[in-house]
Amino acid sequence: MAPKSSAGKEKLLGDEDEVLQAVILADSFNKRFRPLTTRKPRCLLPICNAPLLDWTFESLALAGVQEIFVICRSHAEQVKSTIAESRWSKPGSGIKIMPIMTAKETFSPGDAMRDIYTRGLVTGDFVLVMGDLVSNVKINEVVKAHKERRKTNKDAIMTMVVKESGSRHRTRPTGNSSVFVIDSETSECLHYEPVMGYPPTKVAGIPREILAEHPEVEIRNDLIDCSIDICSVEVPSLFQDNFDYLDIRRDFVHGVLTSDLLMKNIYCYVAKEGYAARVQDTKSYQSISKDILSRWTFPLVPDNNHPAGDVYEHRRGNKYIAKDGSVVLARTSRIGNNCLIGPSTQVSEDVQITSSVIGRNCVIGSGSIIDNSYIFDGTIIGAGCVVEHSIVGAGVEIRENSRVGKGCLVGDGVVIGPEAVLERFEKLSKKRETGDDGEQEDEEEDVDSEEEEIEANQEDSIKAQLGSDCNAIVWPREAPDEDEDEEGVENYKNQRFLRLGLAFSTPSTSFFFCATGDDASDLEFTDEGSLSSDEDSDSSDEDSDSDANFTTLPTSSATSLTLENSTIVAASDAVAESEFRAEVEQSLERAFAEGHSVDNAAVELKTLRMASNVPLSRVRESVVSAIVEKIQIVEGGGVPQRQEIAKVINRWGPLIDKIGGVDAVETVSILQTHCATSERLPLFAQILVALYQADIVEEVDMRRWHALPSSKGAGEEPGPRRDGMKKCWDVGAALLEQLSQQESDSDEDSEGDDDDGDDDEEEEDEEEELRRGPRRIEQLSIIK
Amino acid sequence: MASDPQMLANQRIVEDLASRLRRRQVVGSRQAALETLLVLRQVVSRARFSNVDQLVDVIRSVGRRLVDAQPKGRAHSFLYEYADFNHGSFITGTSEHSVGNTVRKVLHHIREEYHTATEGSTPAPAPTFSIAKFVSQGQPRKQQTVQKNDAAKVPLKENDPDDPDSFARTLKPVLMEAIQDVFDELETVYDNISKNAKDHIHSDEIILTLGKSKTVESFLKAAAHHRNYTVIVAETAPSFVFSSFHDHGLTRHFTRYGGREMAKSLSSAGISTFLVPDSSIYALMSRVNKVILGAHAILANGGMFATSGALLAATAARAYSTPVVVCAGQFKLTPLWNLYHEYGALDFGDPSSVLGFEEGDLVDKVDVVNPYYDYVQPELLDAFITNYGDHPPSSIYRLLKETYDDEDNEL
Amino acid sequence: MSEPSKDGPPTPLSSSQPSQKSMTKAERRELQERQRAAKAAQKQQQGQGQGQASSSASSRSKAQGAPQKKSESGRPRASSSAAPTSSRDVGGAARDGSGGIDSEGPKTRGLRIFSHFGLPKTSGHQVKGDIHPAIIRLGLQFSEFKICGANARCIAMLTAFKTVIQDYTTPAHNTLSRHLMTYLSPQISHLVAARPMSVTMGNAIRQLKLEISGSDIDLPEQDAKDALCHIIDNYIRDRIIIADEVIEDLAVKKIKDGDVVMTYARSSLVEKILIRAHALNKRFSVIVLDSRPLLEGKTLLRTLTSTTPPISCTYALLPALPSLIKEVSVVLVGAHSLHTNGSVYSRAGTAMVAMLAKEHSVPVMVCCETYKFSESIMLDAFGKNELAPLKFSPPEAPKPHSNLEVLDPLYDSTPPTCITAVVTEVGLIPPTSISSIPLALGKTSL
Amino acid sequence: MSDFEIFETYQRLLKNEELSTPLAAILALTEMIEQSRAGTMFELVKELKDGAEELNLKSPNPISLNAGCELFIEFITLFPHPSANFSELKTELIRQGQQYVVEALTYRKKIAELAFDFIKDDSVILTHSYSRVVMQTLLMAHRRKRISVFVTEARPRGLGIKTAEKLRAVGIPCSVVLDSAVAYAIDKVDFVLVGSEAVVESGGLINAVGSNQIAIIAKAANKPFYALAESYKFHRLFPLSQYDLPSHNPKLLSFTQPRPPGMSLKTQSNNASEVNPHQINQEQIAQNNPDVDYTRPDLISLVFSDVGSLTPEGVSQYLVGMFAG
């Protein structure tokens with residue numbers, strides 16, 4: 001650019017002293033939009049007739065960003081070329097946009113971040129957004145705030161922008177939202193808990209320390225995570241250091257907040273003004289389209305600042321008609337509210353269009369009904385068709401009298417009909433002509449292979465429905481197997497909550513707080529369970545009604561103190577825990593079987609623990625129990641039995657202390673509780689002894705344990721369990737007797753004393769779930 | 001052409017302003033006017049032209065680009081072939097009309113300067129005379145019109161092939177002055193409007209005003225120097241008020257009730273002020289002596305766009321036959337009509353200021369309407385107080401003819 | 001009409017005071033108070049050094065000092081409402097204060113114009129005479145706007161009176177018909193002190209008085225009381241409940257398929273009508289207009305959208321009216337009271353909706369039971385109005401000071417010319433002919 | 001010059017559908033100039049004035065025609081004529097006249113373009129009687145926008161029906177409204193669009209009878225009332241009331257004396273033809289009624305003309321400029 005002009009620009013722009021950089025992760029790293037995204041990256045899917053990426057650019061431009069890196073993976077070439085052609089690369093756009101092609105094997109945002117690090121793209125604080133962001137939040141103000149904070153606190157590495165919304169907001173991803181725990185004054189994000197639709201997250205766990213340290217916290221389930229992050233330079237490096245960070249929220253944020261090693265803090269910026277949301281699944285695609293049409297994104301609206309540069313006329317009732325006069329609306333056609341009709345589209349007689357978006361050069365045949373659907377460019381819909389709650393790709397042809405049920409995704413170039421009938425949530429894509437294999441980019445191989453296999457198993461029964469001259473392949477309703485083991489948000493069942501065509505407030509995110517952990521809670525649990533099971537029958541309509549009976553997690557703004565307490569009481573995530581147990585057992589199984597070294601096993605466990613956030617005690621429990629179970633019960637007991645025990649303990653005992661943090665007392669009580677219920681009850685004494693001999697448990701510990709009221713089985717409701725506990729305790733007593741005889745009285749006393757001293761601090765950890773509640777409440781009420 | 005670095009530079013600054021207009025980062029009609037002027041100044045200073053038409057074309061194209069930045073500013077493109085006969089008919093919820101107006105104004109000045117400059121130097125070519133022209137001579141300022149049209153036809157002396165820039169060289173300084181004049185006008189607009197405020201507001205009067213208009217604000221404050229009177233300010237929800245223009249609107253703080261800002265500033269200036277909700281305008285109108293409004297744009301028929309709520313106030317005022325006075329700088333004169341005579345602006349804001357985004361469940365079920373402007377018919381207005389005297393709505397049309405050249409109405 | 005607030009804690013004190021005289025008294029009080037405040041302000045003049053805050057503050061203390069002296073009582077308050085109330089008093093006092101600041105001419109006059117709106121009600125106001133707990137509770141609910149709206153208030157009051165009457169025992173040497181009223185009056189004036197009496201309440205009370213005085217002396221007390229309660233029940237039933245049903249029927253007939261109904265703020269009656277129409281599966285959409293101070297429209301919006309399927313609603317604030325009126329087919333509004341000259345006294349803003357509707361020849365229907373009729377003429381809403389308590393003005397609104405005063409009038413009056421029809425239980429009638437309905441005049445006994 | 005029959009010429013010219021009366025008049029006058037043997041400007045102007053007068057007298061509804069003549073003659077008088085030989089001047093004038101007419105024929109298009117913007121999609125338009133420029137506007141609008149039209153029947157000549165037929169032919173939904181039903185229909189209408197006989201100095205409008213009442217009704221329902229007028233219909237005339245129009249004569253709206261039944265039917269009053277004295281037939285009514293009426297400027301929202309869309313004030317400014325300027 002000519003120096004003079006740039007000078008002029010300076011004057012006009014009034015730039016901040018340093019250039020504001022942004023990084024766009026232009027890849028979804030998931031397959032929610034398949035098959036629409038088989039031949040096109042998600043970030044180029046149009047929403048309201050402009051590619052997502054353009055919306056994102058515009059959003060950033062709105063916020064005064066001047067330099068943008070676009071990290072693209074799948075279909076990178078396409079993205080690159082589109083950017084090159086777009087008006088953004090014209091002079092005067094005032095923004096520098098650089099597409100970065102990342103490696104094919106970048107499979108997660110985490111990898112992308114690592115890539116950013118290795119390339120050393122960013123120089124200062126930068127804005128990190130996804131390639132599917134639509135926003136009018138004044139990010140530059142957030143950046144200011146962030147910079148301010150950095151001045152005082154170097155460890156404030158990141159600021160997440162979140163938007164206040166009702167807990168039932170249409171734009172709130174139902175299957176994939178999150179609970180934020182925020183310090184009211186500093187707005188530091190203290191804890192992050194992802195919330196899933198399936199398995200339905202029922203309880204949010206908040207580490208007790210948080211409440212101890214922070215006088216006032218907000219626990220909020222009413223925030224939309226805009227995934228606009230203001231990151232400082234460290235962030236990419238952090239990813240580099242922790243190879244296992246995949247997802248930015250679930251791994252990175254969660255990791256940073258929970259980890260006791262890297263002392264970094266993350267802050268939240270609760271956007272009061274402005275709008276921001278991500279098109280992260282077909283459902284949010286729908287709701288965001290609606291938000292755009294109802295102008296929440298102003299000035300980023302079709303009639304004012306349409307990213308694709310089209311000009312639309314805005315009519316009352318938020319109807320947008322392309323303004324170049326190329327649209328043909330038959331006189332008898334009825335355009336309902338919240339509609340967008342693209343340039344040179346033809347709408348024939350008696351067509352009814354309600355809250356839908358029609359792309360460019362489309363033809364809607366006479367008498368068709370388009371309801372809540374999104375139709376991309378150049379699609380032709382024959383006469384008398386019905387399309388509802390679906391997304392129809394570009395260049396699709398739906399022949400006359402076809403019916404597209406709710407939640408269908410029809411890939412580009414598909415031809416169906418006439419008289420085709422698409423069931424709900426059907427997914428179609430175009431059969432690949434052998435021709436286009438050549439130009440298929442290699443990175444799509446996996447895609448293609450998948451397609452092939454799908455193509456392979458097409459039943460003709462379905463094909464019959466799709467009408468004579470159909471060129472489509474139907475995607476399996478059940479997700480391919482490999483998706484099944486995708487834990488977390490990506491699991492198939494959860495996906496269903498992220499799908500278009502579901503009534504928007506599904507009860508899946510319903511929460512409740514178990515009052516101090518009594519049976520009532522279990523009742524609730526089963527109740528929840530039954531619910532989620534009935535959801536399995538995709539009955540979206542019922543869902544919407546049925547949700548009345550569920551309490552959603554209140555926002556702390558509304559949360560009274562007591563409620564907060566109950567939250568903590570609830571702090572045990574049944575689901576995650578059971579999963580975790582299973583995994584620990586598996587890994588130990590392997591360890592035992594393949595005879596790993598104790599250290600390796602320990603490492604494995606550690607990572608496991610990191611992955612699914614569970615307190616150390618859980619790990620210990622599982623380990624102990626696993627070891628105990630490992631011990632074969634030798635008939636007749638006696639010496640062989642003792643040897644057996646000794647063998648196991650000596651081999652694996654050390655693991656108990658290697659998993660991080662030694663706490664013999666807990667070990668013992670765990671052992672006790674375990675034995676109490678297992679058929680290895682008789683072995684308790686011997687195991688204990690073995691532990692003692694293996695120096696895993698000291699006498700002191702045993703005394704402490706013994707001193708615990710809980711060890712006596714106090715608070716246990718009578719039953720086999722209690723008896724077991726009692727037995728163990730007696731055994732323990734006997735054991736101690738023996739030991740004490742070998743001890744001098746004096747030091748015993750002294751020990752006894754400091755035992756009592758220590759008890760108080762340690763009790764906390766040793767308490768069992770059930771006894772925690774009230775105790776904590778006291779503590780909290782002290783704080784308040 | 002575009003290869004020329006100068007042109008490139010021009011293009012860049014134009015694009016820059018355009019995009020900022022589109023993003024509503026330029027705030028307030030006056031601000032927009034000023035920025036436009038800045039751009040035009042640079043454009044002219046860089047532009048290379050060897051006769052006035054080339055220059056005019058350059059400026060027009062810039063103007064068109066800027067107006068296009070606000071899509072609603074334009075109607076269907078196929079009309080433009082008739083631009084010169086088309087004495088303006090497009091409207092527009094354009095965010096800022098003052099952009100187009102400024103361009104027109106500059107064009108007007110340039111032509112005038114040109115004519116004065118060419119007086120004598122080129123003998124005015126014999127006026128061809130036809131009935132059509134005879135008819136159109138009905139317009140004021142016919143002399144220039146005639147000459148200019150001819151100037152356009154006969155090849156100008158200036159563009160001599162061997163030194164094409166000579167013309168530009170000679171003319172540029174004058175043009176710069178011309179632009180400077182427009183600049184000065186904008187600079188002084190508030191003072192000039194408020195200079196005889198005291199003749200409009202008398203002691204003991206009760207004035208009703210709406211929202212936050214800088215013009216009205218300064219007007220009232222000026223009046224307060226000489227008079228003791230009371231102002232009732234209606235909150236005018238949810239009108240935006242941009243209380244800071246720093247780094248060009250990038251940080252724009254708006255309050256949702258412009259009236260509150262207004263009330264604060266007036267009362268702090270020692271005027272006894274009452275802040276009332278919009279709902280009570282009618283109830284209080286019976287005690288109001290005068291309604292003073294700001295305008296967003298003054299239209300060719302003497303009507304205006306003003307912050308939404310103005311129409312209600314004006315109508316209520318008529319019910320009690322209370323005079324309605326509009327304070328506005330002449331840069332708001334817009335040679336356009338309100339198409340469709342429809343609800344005021346076709347410019348609708350975002351719902352958030354009406355119904356909070358956090359009202360999650362409602363958001364999905366309810367349509368929210370949040371218009372920026374009202375269209376107020378001339379019948380409801382009594383007078384315009386501008387920086388060049390006071391005018392009744394009926395004479396706005398003539399005023400327009402004098403301020404702009406007809407062929408510029410459609411840029 | 002508005003008894004100024006002389007406040008203290010709701011601790012029962014004994015100094016009863018007849019409501020009839022309260023009017024004049026109120027004004028006298030205000031006058032005194034203004035002079036007092038003015039003095040205060042002038043003192044400020046001398047020591048002008050410290051800015052508005054202190055001035056208004058101290059003048060506040062003065063202004064409030066006054067009532068305290070009158071009603072010897074401490075200052076502890078229902079903490080919930082204390083904050084807004086006191087700050088509101090600042091406003092009240094400051095208004096007069098600035099009056100003092102330049103005693104000559106306009107400002108004082110400008111202020112005097114609004115002074116008759118009366119000082120806004122403070123909650124938990126002082127209790128004079130032995131007030132029945134039910135009434136005290138009611139008083140609080142009124143002043144806190146917990147119970148709001150002509151009908152609601154009237155019903156609430158009558159039901160409260162029932163308990164009062166039941167708990168009432170005629171003192172010796174006295175008859176119920178004579179004494180009960182004198183017993184009720186302080187109760188009433190207490191309510192009035194909480195919030196100016198609504199016309200509906202007035203009418204009901206008048207009827208009640210009539211009945212009481214008419215009640216048979218020979219009747220055993222309990223029977224007499226039961227009789228009265230029964231009468232009250234009937235009144236509520238006939239004049240409000242049934243009336244509403246009739247009105248619903250009438251109004252619903254006027255809503256046709258495809259209509260766009262516009263309403264302003266929230267009237268319980270209009271709400272019922274819309275719900276009913278929806279229940280009859282009429283396909284219509286609603287435009288809810290709304291405005292500060294009360295923003296009642298949102299409540300209405302919730303009710304309407306919570307139906308299944310939700311009624312399609314459009315929500316906008318009052319200034320957006322011109323953009324919407326074009327597509328409206330009928331305007332439905334409620335009323336606070338109806339006056340002899342046909343003007344309708346209703347939530348502030350209604351008048352403008354009606355006005356613009358008339359401009360665009362959209363029919364305006366006011367839904368209003370006949371018992372809301374008041375035998376007075378209302379030319380404009382300026383003479384008689386009520387201010388919303390400051391708690392309704394949002395935090396970001398500027399705080400009042402010497403030059404700035406925040407007024408939130410609650411009502412305005414719609415001239416009959418802007419009203420197409422009044423829907424009453426006796427049918428659709430033009431507003432002006434309301435006075436010719438015997439029922440409205442309460443000619444018929446309960 | 002006696003051999004030149006201006007009125008016939010005029011009639012002949014009017015055969016051309018496209019030619020509106022003022023243009024026809026102008027052409028007629030140009031032909032007159034050709035014929036004329038006038039030696040001086042003064043004589044020529046005199047002849048033309050006479051010719052105009054003749055047309056005025058002979059044609060039933062002279063107003064718009066006058067506008068044309070007036071314009072042309074005014075133009076000629078104002079025409080700067082260097083004292084070159086007179087015949088040249090005449091040819092020049094003739095050229096001017098014809099050139100103008102040619103040019104003027106494009107005006108309707110321009111006006112249509114102007115008005116087009118004011119017609120929003122889906123709008124309902126009320127128009128009155130038949131007007132070429134209105135037709136052209138509607139047709140153009142129809143190409144891009146969905147419009148529907150109410151047409152008044154426009155008694156007595158019933159030209160509204162002609163409009164309706166033409167519109168139907170091109171597929172514009174259209175329904176004929178009784179002149180007496182306008183008030184009934186007005187609420188369904190978005191705006192009123194009428195042509196014009198002439199636009200007068202007050203900014204008011206002279207048009208087929210009924211326009212005035214439509215304007216009044218439109219005002220009452222506050223719907224915009226647009227008039228379309230080519231600039232050659234600007235007429236220097238300032239009617240103070242309906243009865244101040246040149247077209248007004250005492251016969252209009254006269255009361256026929258009720259005659260006692262016994263009296264003989266033979267009278268030379270205009271109802272001679274009728275059999276039963278009390279029976280009233282259409283043409284009788286027609287005769288007794290005006291063809292045009294005058295619409296006050298304050299009832300007119302805008303006047304679209306080839307010189308731009310003007311407020312009524314704007315129109316008078318043009319006229320003043322032309323004739324008083």
Side-chain angles (χ1 to χ4, degrees), chain B residues 203-206 227-230 232 235-239 255-257 260 263-264 266-268 270-287 307-312 315-316 319 342-345 348 351 354-355 359 361-362 365-371 374-375, chain C residues 98 102 104-107 109-111 113-114 265 287-288 291-293 298 301-302 305 310 312-326 347-352 355-356 359 379-382 385 394 396-398 400-409 411-415:
Chain B
S203 289
D204 292 12
E205 278 192 327
I206 299 184
R227 307 262 187 252
N228 267 325
Y229 63 97
T230 306
I232 303 177
E235 284 175 329
T236 54
S239 61
T255 59
R256 285 178 180 171
Y257 291 74
R260 292 180 184 153
K264 278 187 198 136
L266 289 180
S267 56
S268 59
I271 306 171
S272 100
T273 314
F274 289 80
L275 179 62
V276 302
D278 313 313
S279 50
S280 57
I281 290 177
Y282 193 92
L284 301 178
M285 189 55 81
S286 57
R287 297 297 187 277
T307 168
S308 64
L311 183 57
L312 280 181
T315 325
E342 215 178 30
Y343 37 72
F348 289 82
V354 178
L355 186 70
E359 312 245 8
D361 43 358
L362 280 183
K365 297 179 192 154
V366 180
D367 296 347
V368 180
V369 181
N370 176 16
D374 274 350
Y375 167 67
Chain C
S98 67
D102 61 346
E104 119 289 30
K107 290 186 179 167
R109 201 187 109 291
L111 301 159
I113 281 186
F114 299 106
I287 298 178
V288 180
S291 168
R292 282 208 51 256
K298 284 188 181 177
L301 212 52
R302 290 224 164 64
T305 47
S312 79
C313 291
T314 305
Y315 181 77
L317 295 173
L318 195 55
L321 173 57
S323 311
L324 296 166
I325 193 69
K326 281 247 159 96
R347 181 66 66 228
T350 314
M352 278 191 286
M355 176 182 69
L356 222 68
E359 282 281 301
L379 296 176
D380 64 28
F382 202 89
N385 212 325
E396 66 268 25
H401 59 77
S402 64
N403 284 337
L404 178 57
E405 173 55 31
V406 182
L407 293 178
D408 290 343
Y411 299 102
D412 64 10
S413 89
T414 314

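Not measured: the values here are computed from a predicted model. Note on naming: letters A, B, ... go to the chains in the order of the sequence lines (proteins, then strands), and numbering restarts at 1 for each one.
With contacts defined as side-chain heavy-atom distances shorter than 4.5 Å, the pair C:Pro293/B:Ser279 qualifies.
Contact count versus chain C (heavy atoms, under 4.5 Å) is highest, among B:Ser268, B:Pro277, B:Gly309, for B:Pro277. For the options C:Leu301, C:Thr350, C:Leu356, C:Thr414, heavy-atom pairs under 4.5 Å to chain B are most numerous at C:Leu301.
Interface residue C:Leu321: only side-chain heavy atoms are found under 4.5 Å from chain B. Residue C:Leu317 touches chain B through both its backbone and its side chain, counting heavy-atom pairs closer than 4.5 Å. If you measure heavy-atom distances from B:Ile281 to chain C, the contacts under 4.5 Å come from both the backbone and the side chain.
Rounded to the nearest 0.5 Å, atoms CG (B:Leu275) and CG (C:Asp408) are 7.5 Å apart. A distance of 10.5 Å separates CG in B:Asp367 from CG in C:Leu324, rounded to the nearest 0.5 Å. Here the CE atom belonging to C:Met352 is positioned 5.5 Å from the CG atom belonging to B:Leu312, to the nearest 0.5 angstrom.
Minimum heavy-atom separation, B:Gly270 to C:Asn403: CA-ND2, 3.1 Å.
Here C:Asp380 pairs with B:Arg287 under the salt bridge (charged side-chain N to carboxylate O under 4.0 Å, His left out) rule; sequence neighbours left out. In terms of the side-chain hydrogen bond (donor to acceptor under 3.5 Å, both in side chains) criterion, C:Ser413 has no residue partners (sequence neighbours excluded).
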